[in-house]
Amino acid sequence: MGSAFERAEGANGRAVARVLLDSALPQLDHLFDYAVPAELADDIRVGQRVRVPFRNRERKSFGYVIEFVDRSEFGGELAPIADLVTTVPQLTPEVWQLARAVADRAGGSAGDILRLAIPTRQVRVEKQHLAAAEAETEAAPPVEPAPPADPADLAHPGGPVAPTASAASAASAASAVPAASAASAAPSAPEAAVAAELVAGARLAFTASHGPERLHTGEWVGSWAAQLARTAIAVHALGRSAILVTPDYRDLDQLRDALAALGHEDAVRVDSRQSNGERYASFLRALDGVPRIILGNRSAVYAPAHELGAILFWDDGDPVLAEPLTPYVHARDAALVRAEQSRAGLFFMGHARSSEVQRLVELGYVRDQEFPPRRTRVIHADSSIAPDAFAGRVPEFAARTIREGLRSGPVLVQVATAGYAPVAVCGDCGDLARCRACAGPIGFRVVGRASCRWCGTYASDWRCSTCDGERLRERGMGSARTVEQFERQFSGVRVILSDGEHPRERVDGRAALVVATRGAEPLAAGGYRAVILLDAERLLSLETLRAGEDCLRWWENAAALAAPDGLCLMASGGGPVVQAFVLGQSTAWIRNELRDRQALRYPPAVRVASVSGGPDEVERALQQIAGLPGVDFLGPTPLPAGGAARTPAGLVRAIVRFEYGQGGEVARRLRGALVADAAGASSRTRSKSAPGRARPEALRLRFDDRGVFDG
DNA sequence: AGCACGCCGACT
DNA sequence: GTCGGCGTGCTC
């Protein structure tokens, strides 16, 4: 295999190393040339972390060696590299190219991406890893890596693999078969065919079948996890690495179980809950010169996979795949860049199609599967048809479905909001209660304790601004209040609560009424007898651009938790989104939605970037892009002062919209404005604002922000 | 971010 | 003449 050190390119007599410095300053986001000192010439490698003098002889900065050249273009005298931080080359050329391209696309610094890609070094962990690797080489000297398995062994005997709809539909059929067909250790033929396509660079979108699957270990997972695990194992069997990306750690656990049950115990796990040491240990394993299955959350797309064959996503529409740190790059976008650069395959699997992937499908860039997935039976009990038939928290029909289901197993009820009652109103006049501190809406997170939903202040001495009343009344049903009602309504039944604060990963197959907020539904052994979806109208009333899309994802994901012979009941609501869900036409709805967004120039039909800062700064930035074809902007409009981010007064924001083809140019120009603003900043800072604090009027860029149109 | 460089006004 | 104000720009 060869250690990372041996594989990485050395100086080979070249005198100059080009280094990317660790710096948050946009003006420093380029390579700096340093002399390679004689004493380091044999040990220095591309990708190593180094310490270099910067600004003056004494001050040192850290950076990564990007490349070696014979001579520098730089006019002045070169300072020498001071130190190697570690012999392990942490930044592979592939990940560097990725970081550079992703940062450029998002108007950000490569260093900010590298901070996501490379965990902080832990000396102990590194020593351990290197010692283990050495022991292995001694025990088993120069062994070539196992020859890549012939795809023909796994899939189509003889002849090139030409996987098509037939292979894919076989995959669907296989995963639709429930418990009885326990996952076998070898990748099945359909997944091997898909893997062969991926390794050849295919980009595929799959809508996963609903329903759970029993692993031969006895564990239950969503059938999607088993299918995804089989596909990743098939990619790995072709001698390539696979990166599996999921929104949260609960999905990750299912995939880990599925991989282990299929005989793949040594997947590299990269998740946000790991300690620094664990992260670095995983990172070093990924860096080894062997193909691996890498399993993780959004930052896993940057893992230093060896011979990357495919990046596989579960549920790419989940908003947590959007990186919250600058430059806010969505994992899906990073994966698209990486797949292109590394000629790897892309696989998007979910129960509901994201508008972004649908756009790629319509462009012909991603290929859609050509068969319908298996779907839970969905029925609609529209309460507007029989409005009086309510029994407690749920319509009478839903109550009967719950009772029916509880006779043979668990029943899931999905509710919109956590806590006791989402809304507090005046007990006398019925007006909405407002917070005295910030005028935000008041709700009951816990029985009898009203607090502001925006700032959290307890409404202890609340007074109605309309009628001067002093009593607060609960309105609406949060998860806790639903549990309270169900305990009365279905007495003797075990009621289980799972919400964002107290998520429950799994429940057993015994009768229980499980109340969960969207996204926090536990997996039930064997699947739920029934899945009841409440509060559709409340979810649809969320004033975001993606309300419909999000609802479909929440509902499809919940419906997928039903047993193959169970059912899903949409207990209320109506309108096009509910109709689409009930009729199993979520993808068709997304297609229409995308068409609407095209007409309105909303993302993802076009890309957006928000440009904010002082009025002059924003004006200067907008001048750089004015007149570019396919580009327009809204605003600038004043930014509301205060709020959670404590925005100072006098700042403005503009929203730039542009065609994807113009993205490179728009990012380059706005980035140029940002660099100019930052470079000229020091003088203006000293004269205009207080020292110490960051300059509030500084230009800020944010590309592809999902929330820009949500108020 | 810091820090040097340089171009105008008041000076031992 | 020269000291030092601060605006400007660079950091290999």
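- Remark: side-chain polar atoms of A:R702 are not paired, donor with acceptor, to backbone N or O of A:A106 under 3.5 angstrom.
- Electrostatic pairing of A:D271 and A:R269 counts as a salt bridge here, judged by a charged N lying under 4.0 Å from a carboxylate O.
- Of the residues in residues 12-40 of chain A, those placing a heavy atom less than 4.0 Å from an atom of DNA chain B are A:L25, A:Q27, in numerical order.
- Regarding A:K60, its NZ atom lies at a distance of 14 Å from the C1' atom of C:dC12, rounded to whole Å.
- Distance, A:F62 CZ to C:dC12 P: 16 Å, rounded to whole Å.
- Contact annotation: the side chain of A:V611 approaches that of A:V656 to within less than 4.5 Å [non-hydrogen atoms, C-beta and beyond].
- A:N276 places no side-chain N or O within 3.5 Å of a backbone atom of A:P119 that could act as its donor or acceptor partner.
- A donor-acceptor pair is defined here as one N or O able to donate and one able to accept, closer than 3.5 Å; such a pair exists between the side chain of A:Q48 and the backbone of A:D43.
- Note: CZ (A:R55) to P (B:dA4) measures 12 Å, nearest angstrom.
- Taking atom CZ of residue A:F54 and atom C1' of nucleotide C:dT11, one finds them 4 Å apart after rounding to whole Å.
- Listed by chain and number, the residues in a ring pair (Phe, Tyr, Trp, His ring centres under 6.0 Å) with A:Y302 amount to none (sequence neighbours excluded).
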